[in-house]
Amino acid sequence: AYTEEQIKEIVQQKKIKLVRYTFTDATSIIRCQGVNSKFQKSSFSQGIQIAMPVLALPFMYDLPVPGSGIDVGGEFLLKPDLSTFQTLPYLPSNARIIGDAYLDENTEHPVCTRLFLKRCIKLLGDQGYEFKAAFENEFYVEKLDGNNESIPQENNYCHSHFLNQYAAFIDDLIDSLDEQGLIVEKAHKEAGGGQIEMSIGYQDALKAADNQIIFRETVKGVALKHRLKVVFLPKVAGSVVGNACHVHASLWKDGVNILNDGPKGRNLSETANSFIAGILKHIKALMAFTAPTIQSYNRIKPGVWCGAFATWGWHNRETALRMIENIIGHSPTHFEYRTCDVTSNPYLVLGAMIIAGMDGIKNNLRLPEPIQVDPLLLTEEEREARGIKLLPKSLTETLSYLREDQVLMEALGPKLSQAYLALKDYENSICLLYTSDAADDLLCVDLGGRRIIKKK
């Protein structure tokens with residue numbers, strides 16, 4: 001972590017022109033205000049004032065939604081976390097610092113999603129546990145022709161030649177992420193034309209959420225240098241394969257991963273079993289955070305490795321929760337939450353997962369028997385007998401589950417729950433007026449795509 005004096009020295013030495021004070025709103029748009037370093041009058045730690053309505057803007061335009069509890073007046077204070085300060089490798093004249101929203105110097109803003117995650121981490125820590133996670137992103141990379149139109153491309157899953165075609169971009173991206181402390185563990189061609197998947201090393205929950213913001217920003221920034229278009233949309237119009245953002249997670253105590261019960265084999269510890277069972281119990285409501293747009297449900301379908309069933313299994317990519325083990329020794333290392341995409345706010349995602357897991361520990365919940373087959377291959381009667389249910393098929397349905405989930409609603413608090421539900425209700429109602437392709441276009445500014453809006 002940097003001190004304020006060190007930050008000032010770096011800004012001066014590297015001739016930084018703009019310091020981006022960055023935050024992520026409830027609907028997952030990464031926002032910032034750039035401050036010219038020559039006019040940095042106050043201390044970095046004091047922060048900057050930003051218009052209050054920004055905390056309740058839908059993704060399609062810039063006015064606060066009705067019923068959010070936030071109107072057009074007032075400002076909030078964005079207080080930076082000095083430990084997040086970084087220069088941008090893909091734009092050396094700029095630096096970034098991530099902040100938290102405050103009502104005044106000492107009063108936390110109840111709608112700040114990063115502060116929500118901090119509160120959840122503290123609650124878990126008070127019980128002696130740590131939650132570690134990493135986001136595994138999928139996105140499309142598209143080359144542009146002379147008219148800035150995407151050039152069609154096809155490669156099979158894990159096709160080696162794809163890494164040759166995009167070597168300059170991938171190498172630059174890996175280096176840029178590495179300079180910001182994000183280690184790319186794996187990168188490979190996914191099943192869609194021009195689609196890539198990248199896995200980042202795990203961190204504690206807050207750092208993992210910050211890393212997700214840094215990852216998204218860096219991918220777009222590096223792609224711009226290489227004249228490439230990047231699309232993070234959950235389901236790209238005309239494509240068979242959607243973009244996921246899987247959450248890989250584990251539970252720790254006293255610096256030790258406690259998923260494994262000790263002996264070799266598929267032995268979950270009692271605590272880990274309860275924690276994951278809590279997530280499974282609340283998963284339909286959790287999807288209000290992990291699959292928070294109408295487009296999310298175009299991706300989550302049975303039979304395409306999206307985890308469309310509300311159950312779990314060992315290495316089963318058709319279950320919403322996939323337990324991952326070392327092949328040698330068969331001991332569990334972490335679990336994967338599969339029904340998540342990049343339209344989600346990572347602070348809300350990890351905070352809500354922590355709360356759901358804590359509820360599982362509190363009530364000593366137990367996972368049902370793991371499902372080791374594709375549930376789609378079972379008859380409806382067989383699925384019913386084994387308690388296998390499909391996840392919600394629409395955002396409307398998911399939001400109703402969140403409203404009924406007292407544990408998650410209480411953790412959010414009245415102000416954040418009011419603002420979030422108002423935002424999602426409004427976005428959902430607007431998107432339902434449009435065709436599927438046009439609804440995709442409404443998300444294009446932050447996630448890539450076209451800009452042609454057509455009503456049904």
Side-chain angles (χ1 to χ4, degrees), residues 1 22 24 28 30 81 83-90 96 98 113-114 117 121 130-141 158 162-163 166-167 169-190 195-223 228 230-234 242-252 257 259 289-290 305 307 317 321-322 324 326 333-351 353-354 446-448:
T22 304
T24 306
S28 194
I30 304 169
D81 180 341
S83 70
T84 68
F85 176 83
Q86 291 169 328
T87 57
L88 305 185
Y90 51 90
R96 180 202 311 106
I98 298 173
T113 59
R114 193 169 186 267
L117 175 56
I121 291 169
E130 295 176 83
F131 187 67
K132 296 184 184 291
F135 290 86
E136 179 184 77
N137 288 271
E138 297 169 349
F139 54 92
Y140 282 83
V141 183
C158 281
F162 178 84
L163 299 183
Y166 289 93
F169 166 69
I170 293 171
D171 288 351
D172 196 358
L173 178 56
I174 290 173
D175 288 342
S176 294
L177 291 168
D178 184 60
E179 285 186 46
Q180 298 172 90
L182 281 70
I183 305 302
V184 175
E185 294 187 340
K186 288 193 297 183
H188 69 84
K189 171 69 179 61
E190 255 297 344
Q195 189 184 30
I196 187 171
E197 177 182 287
M198 276 195 171
S199 303
I200 303 297
Y202 69 85
Q203 295 281 354
D204 64 80
L206 183 62
K207 181 64 174 172
D210 286 344
N211 280 353
Q212 175 64 358
I213 301 307
I214 295 168
F215 182 87
R216 284 171 52 188
E217 288 278 85
T218 304
V219 170
K220 291 186 289 184
V222 174
L228 298 172
V230 169
V231 182
F232 282 104
L233 288 168
N243 286 321
C245 175
H246 302 141
V247 183
H248 291 258
S250 53
L251 189 66
W252 294 59
N257 185 341
L259 254 66
F289 307 113
T290 64
W305 287 13
R317 287 174 168 80
L321 297 178
R322 179 172 76 107
I324 299 171
N326 285 323
T333 58
H334 63 283
F335 66 95
E336 180 187 37
Y337 183 108
R338 295 185 58 77
T339 54
C340 186
D341 62 58
V342 182
T343 63
S344 63
N345 176 308
Y347 303 103
L348 290 174
V349 168
L350 297 187
M353 287 178 68
I354 288 171
D446 201 48
L447 301 176

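The residues of the chain are indexed from 1 along the displayed sequence.
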Could you please spell out the steps behind the side-chain contact (heavy atoms from CB on, under 4.5 Å) verdict for I183 and I200? CA-CA 6 Å; I183 305 302; I200 303 297; 5.9 Å; no

Nearest atoms (heavy-atom pairs only) where [X] meets [Y]:
X: A187; Y: M198; answer: CB-CG, 3.9 Å
X: A208; Y: A134; answer: CB-N, 4.5 Å
X: G221; Y: Y90; answer: CA-CD1, 3.7 Å
X: Q180; Y: Q86; answer: O-NE2, 2.5 Å
X: Q195; Y: K189; answer: O-CD, 3.2 Å

Exam field: side chain [X] to backbone [Y], donor-acceptor pair closer than 3.5 Å:
X: Q212; Y: N137; result: no
X: N243; Y: V231; result: yes
X: E179; Y: P89; result: no
X: R317; Y: R322; result: no
X: T290; Y: V349; result: no

side-chain contact (heavy atoms from CB on, under 4.5 Å) between I170 and I196: does it pass, once the steps are laid out? CA-CA 10 Å; I170 293 171; I196 187 171; 3.8 Å; yes

Aromatic rings [X] and [Y]: how do their planes relate, parallel, tilted or perpendicular, breaks at 30° and 60°?
X: F232; Y: F215; answer: perpendicular
X: Y166; Y: F162; answer: tilted
X: H248; Y: H334; answer: tilted

Could you check whether any side-chain heavy atom of [X] comes within less than 4.5 Å of a side-chain heavy atom of [Y], counting everything from C-beta outward?
X: V247; Y: F135; answer: yes
X: N257; Y: K132; answer: no
X: R216; Y: S28; answer: yes
X: L251; Y: L259; answer: yes
X: L173; Y: L177; answer: yes
X: E217; Y: L88; answer: no
X: I30; Y: T22; answer: yes
X: Y140; Y: V230; answer: no

How long is the gap from [atom1] on [X] to [atom2] on [Y], to the nearest 0.5 Å?
X: I324; Y: F335; atom1: CD1; atom2: CZ; value: 10.0 Å
X: S344; Y: L350; atom1: OG; atom2: CG; value: 9.0 Å
X: E190; Y: E197; atom1: CD; atom2: CD; value: 5.0 Å
X: F139; Y: C245; atom1: CZ; atom2: SG; value: 11.5 Å
X: I174; Y: T218; atom1: CD1; atom2: OG1; value: 12.5 Å
X: F289; Y: T343; atom1: CZ; atom2: OG1; value: 13.0 Å

Under the side-chain hydrogen bond (donor to acceptor under 3.5 Å, both in side chains) test against S199, which residue among H188, K186, E136 passes?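 Exactly one candidate clears the test, E136.
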
Is it true that the side chains of T84 and D210 contain a donor and an acceptor less than 3.5 Å apart?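 No pair is found: no donor N or O on one side chain lies under 3.5 Å from an acceptor on the other.
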
Any chance the side chains of Y347 and T24 put a donor and an acceptor closer than 3.5 Å?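 Distance-only check fails for Y347 and T24.
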
side-chain contact (heavy atoms from CB on, under 4.5 Å) between R114 and D81, intermediate numbers included: CA-CA 11 Å; R114 193 169 186 267; D81 180 341; 3.0 Å; yes

Decide side-chain contact (heavy atoms from CB on, under 4.5 Å) for L206 and L117; before the verdict, give the C-alpha distance in whole Å, the side-chain angles of both, and the deciding distance to 0.1 Å. CA-CA 7 Å; L206 183 62; L117 175 56; 4.1 Å; yes

